[in-house]
Each structure stands twice: as structure tokens, then as C-alpha cells.
Number of protein chains: 2
Amino acid sequence: MTTPHRLFKDRIYEQLARVGKALAAPRRVELLDHLGQGPRTVEALAELAGTSVANASQHLQVLRAARLVEARKRGPYVEYRLAADDVSRFFVALRSLAGSRLAEVEQVTRAYFAGRGGDEAVGGDELIGRVRRGEVTVLDVRPAEEFRAGHIPRAVSIPVDELKARLKELPRDREVAAYCRGPYCVMAVEAVELLRKKGYTAHRMEQGVPDWRARGWRVATAREAAR
Amino acid sequence: MTTPHRLFKDRIYEQLARVGKALAAPRRVELLDHLGQGPRTVEALAELAGTSVANASQHLQVLRAARLVEARKRGPYVEYRLAADDVSRFFVALRSLAGSRLAEVEQVTRAYFAGRGGDEAVGGDELIGRVRRGEVTVLDVRPAEEFRAGHIPRAVSIPVDELKARLKELPRDREVAAYCRGPYCVMAVEAVELLRKKGYTAHRMEQGVPDWRARGWRVATAREAAR
DNA sequence: TGACGATTCAAGCGTACGCTTGAATGCTCG
DNA sequence: CGAGCATTCAAGCGTACGCTTGAATCGTCA
């Protein structure tokens with residue numbers, strides 16, 4: 001017996017599973033993660049994910065079919081981007097769930113960060129509070145392009161490989177909160193290491209722009225910073 | 001070239017995709033949804049999802065491998081339940097994302113609710129506010145067992161099929177907010193219809209217990225209600 | 001202890017998926 | 001208008017998945 005109720009439920013769950021399916025392949029998760037840092041061309045994404053362009057294109061189309069990303073022609077390139085802030089929110093929820101439920105994630109992360117003078121994060125929310133209140137200098141160590149695509153308001157952009165040479169742009173007497181792409185990104189760890197060696201008080205902020213956006217807070221872009 | 005960084009990323013994304021895979025099959029999404037109403041035995045879940053026991057068991061083990069649910073022997077039965085509140089939160093995020101991104105969800109839902117005197121919900125957050133402040137009578141029309149497993153604090157339990165006979169338990173001079181399992185559940189719609197016919201001021205609350213839990217609010221259980 | 005019942009295991013089948021390769025499409029710019 | 005390049009399409013291969021069926025396991029209760 002196929003009741004109309006059953007039919008309705010089947011349709012709804014099928015739709016929800018569409019989103020699940022989109023997140024079922026590691027490479028798609030990776031693409032989504034990179035898109036969280038800003039719009040990208042297919043070629044750039046393929047490079048970042050370490051795969052062929054055709055393969056990346058294929059995955060991007062799956063993500064697009066699930067309405068998680070949008071494509072847009074821009075010059076000779078096709079630029080992909082997350083479809084909405086909801087997607088950031090959802091992705092952060094996925095990361096958080098996996099982080100708290102799957103012991104493997106923590107193990108792998110600890111092993112990787114161990115060789116890099118792990119900072120063991122200063123109680124995340126406490127630091128975030130200070131950042132929001134403007135009590136610390138916020139340092140964005142990602143490549144300038146990602147900073148331009150979106151950054152935490154009032155953050156200073158110094159890519160990690162230029163940090164040593166541009167230290168004088170950071171006031172010595174203020175605490176520094178460095179961030180990069182998110183909890184699994186090591187650039188901020190390296191930055192903090194360097195800053196401390198140079199006598200700064202510095203902490204690593206685990207959250208990146210997607211986390212910031214997921215909380216519903218304003219994200220600044222290059223255009224408005226230029227005003 | 002396989003850098004250690006690449007290796008690390010591959011592992012992380014593989015773990016995240018484990019969760020994605022768990023949500024990639026419609027039937028598993030359905031099981032998860034039902035578990036959001038409270039613990040269930042394999043047989044009960046199979047019945048609810050309209051499938052065989054062996055099939056349900058199989059899916060439940062996939063969910064368990066992804067640490068989304070936990071199994072526990074209870075009498076002659078194995079009782080499954082969501083592994084943590086994170087899971088509710090995540091599931092609600094999934095539903096919300098699918099609802100806002102996939103036009104199909106809205107279409108299907110509208111078509112289904114149309115035949116049932118759709119209520120078009122009274123601006124959800126506004127109603128929730130009144131519920132939280134105790135300004136309305138909260139009515140839980142789910143089966144008593146689900147109410148016992150967890151309900152919105154101060155809610156009154158009257159299963160929808162007993163409502164007509166037990167109307168006198170509801171004060172006439174107070175507005176009623178009826179809820180059931182969530183946004184795709186029709187029981188509350190029917191209840192509101194009946195209540196209005198009988199002269200009550202009644203609204204349907206789209207949110208169910210999982211939504212309530214996802215927001216981090218307290219969920220009451222039968223045991224404490226008995227004090 | 002023994003029997004029953006709830007659940008899980010195991011095997012088999014058809015389909016869908018992810019990846020690779022090579023060709024085709026469609027813009028853009030000269 | 002045509003060349004060149006970014007992207008997509010299409011086909012083929014191997015694997016994994018979801019579902020079904022029938023047997024095995026495990027715990028419980030008489």
C-alpha cells in the first residue's frame with residue numbers, strides 16, 4: 001500500500017539526501033571548503049584539490065545540481081562560488097559535527113599540528129569576544145586575494161610569507177589574534193610562532209571567515225575597505 | 001608528489017565525507033529523522049520507514065559507523081538513539097539548507113499541505129518567542145510515547161486522535177500553539193483545524209523537539225515531569 | 001537448560017558513482 | 001572572422017552501494 005503520506009515522505013527525504021550525496025565524496029567536500037574562502041575558477045580549484053580540471057568540473061556540477069554552489073561566467077573563466085551564507089553555516093556545522101563525533105578527526109589533526117608547535121587554542125569563544133570588541137589586532141595571514149574576497153572586519157592583511165618583512169606594520173604593544181582559513185589550516189600557527197619569537201603576545205584564532213559568516217556576522221570585502 | 005600536507009587534507013576530507021555518506025541515502029535520512037523524536041527499536045524504525053527489518057538494521061549500522069547514532073541493548077530489543085545533541089543540530093541545519101536551497105522541497109511540501117487547510121505558519125520566530133515566555137498554551141499532539149521521550153517544557157500532551165474527546169483540558173481563553181514532529185508533519189495542522197472550529201485561537205508551530213534541541217534549549221522528559 | 005524472538009550477518013544482483021582519457025563546445029580576444 | 005584556451009561532454013572501467021533473501025547469532029525468559 002502506497003499512501004500519499006508515504007509518497008510525500010519519500011520525496012522529502014530524497015531531496016534531503018541530495019544534499020547528503022553532494023557531501024558524500026571527499027573531493028567535493030574539499031572543493032566546498034576551498035570555495036568557503038572565496039570565489040574560484042575551475043582551474044584554480046582543480047589545482048587546490050590536486051586533481052584534473054575535468055574531474056573538478058564534474059564535481060562542481062554535482063555541487064551545483066544540489067544548489068550548494070553557483071557558476072558564473074567571468075571573462076574567459078567560469079567562476080564558482082558558494083550559493084548562499086546558508087552553505088557556509090551548514091559546512092561549518094558538518095565540520096563541527098565530524099570534529100566532535102569522529103575521534104579520527106582529532107587524532108589526525110593532533111598528529112599533524114604536533115610537529116608545528118601546536119598552540120592548543122586559547123579557549124576559542126573568549127578570544128572571539130576580544131576580537132569582536134576590537135581589543136586585539138586581528139591579523140589575516142592568508143594570500144591577499146582571499147583577504148580581498150572577504151575578511152573579518154578591521155583585520156590587517158599580511159600573508160604569512162611576507163610577515164617577517166612587514167612586522168613593523170603591527171603595533172608592538174597590542175595583543176595579536178592571527179587567523180587563516182580555519183581550524184585545519186597551519187598558516188596562522190606559523191605566524192603566531194614567528195610573532196612570539198619577535199616578542200609579540202599572539203594567539204591563533206581557529207575560526208576562519210566561513211565560521212565568522214556562519215555565525216551571521218558581517219564579513220568585510222576589499223571594495224568597501226577601499227572607501 | 002604527495003606532500004604531508006596533502007595527506008593530511010585527504011584524511012580530513014575523508015572523515016567529513018563519512019558524515020556526508022551517512023546522509024546520502026534517503027532511507028537513512030528518514031531513520032535519522034524518526035530518531036529525532038526519541039529512541040526506537042529496530043523493528044519500530046523499520047515499520048516507520050516502511051522497509052524490512054534487515055534493511056533498517058543495515059542502514060542503522062552505517063549511521064552508527066559515522067557515530068551519528070548509538071545502539072544499546074534494552075530488554076530483548078536493541079534501542080537506537082541519536083548520539084548527541086550535535087546530531088539534532090546538524091540534521092536541522094540540513095533540513096533548513098535543503099528547504100531554502102532546493103525549490104523542490106517547497107513545491108512538494110506546498111502540494112501536500114495544500115489539501116489540508118495549510119496554515120501558512122504565523123511567522124515562526126514570533127510564535128516561538130511567545131511560547132518561550134509562556135504566553136500561550138503549548139500543545140503536543142504526538143503519540144504519548146514521543147511526548148515522554150522529550151517535549152517542549154510546559155507542553156500539554158494530547159495525541160491528535162484524542163483531541164476531540166479531551167478538549168476540555170485546554171483553557172478556552174488562552175491562545176494555543178500546537179506542534180508535532182516538525183515542519184513536514186501534518187498532525188499539528190489537523191489539530192489547529194479542529195481547535196479553530198471549536199472556537200479556539202490556535203496556531204501551528206512548525207518547529208518540533210529536534211528544532212528546539214538544536215537551538216540549545218532545554219527539552220523536558222517524562223521522568224522529570226512526574227516530580 | 002531450551003526455545004523463541006529480535007537482530008545481525010552473508011551472499012548475490014543490479015545500479016550508480018568516481019576517476020580517467022580524449023574529443024567537443026563555446027567564449028574571448030586579436 | 002578565426003585562433004586559442006577554459007570548460008564541459010561522453011564513454012569506459014572498476015568499485016561501492018542499496019536492496020533482497022535466507023541463514024546465523026545473541027540474549028531473554030519460561
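Lettering of chains follows the sequences in order, A, B, ..., and the numbering in each one begins at 1.
Here dT8(C) is the nucleotide among dT28(D), dT8(C), dT21(D) with the atom lying nearest to any side-chain atom of V53(B). Distance from the side chain of K21(B) is smallest for dC17(D) among the nucleotides dC9(C), dT8(D), dC17(D). You'll find that the side chain of V78(B) is closest to dT8(C), out of dT8(C), dT20(C), dA6(C).
For the pair N55(B) CG and dT20(D) P, the computed distance is 6 Å after rounding to whole Å. The distance between atom CG of L45(A) and atom C1' of dA6(D), rounded to the nearest whole Å, is 13 Å. One can place CZ of R72(A) at 19 Å from C1' of dG26(C), the figure rounded to the nearest angstrom. To the nearest angstrom, C1' of dT7(C) lies 17 Å from CZ of R74(B). Rounded to whole Å, atom C1' of dG18(D) lies 15 Å from atom CG of D10(A).
With DNA chain C read from its 5' end, the first of the two nearest nucleotides for K73(A) and H59(A) is the one closest to H59(A). When the nearest nucleotides of DNA chain C are assigned to R28(A) and A54(A) by heavy-atom distance, the more 5′-ward of the two goes with R28(A).
Partners of E47(A) by side-chain hydrogen bond (donor to acceptor under 3.5 Å, both in side chains), not counting sequence neighbours: none found.
Considering only side-chain N and O atoms, Y80(A) lies under 4.0 angstrom from the phosphate OP1 or OP2 of dT8(D). Using a 4.0 Å cut-off, some side-chain N or O of R27(B) falls inside it from OP1 or OP2 of dC19(D). Note on S57(A): a side-chain N or O is less than 4.0 Å away from OP1 or OP2 of dT8(D).
R204(B) places a side-chain N or O within donor-acceptor distance of the main-chain N or O of P183(B), the cut-off being under 3.5 Å.
Residue contacts shown for Q58(A) include a base, since a base heavy atom lies under 4.0 Å away.
The only option from V186(B), L194(B), V141(B) that meets the side-chain contact (heavy atoms from CB on, under 4.5 Å) definition with V160(B) turns out to be V141(B).
Atom CZ of R181(B) is surrounded by more than 12 heavy atoms from other residues, nucleotides or ligands within 6.0 Å.
If you check residues 32-44 of chain B against DNA chain C, the residues with a heavy atom closer than 4.0 Å are T41(B), V42(B), E43(B), listed by number.
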TODO: Starting from the C-alpha separation in whole Å, work towards a yes-or-no answer on side-chain contact (heavy atoms from CB on, under 4.5 Å) for L68(B) and F91(B).
DONE: CA-CA 10 Å; L68(B) 299 184; F91(B) 187 84; over 6 Å; no
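No side-chain donor from either of R64(A) and Q61(A) sits under 3.5 Å from a side-chain acceptor of the other.
The pair R6(A)-D10(A) meets the salt-bridge criterion, since a charged nitrogen lies less than 4.0 angstrom from a carboxylate oxygen.
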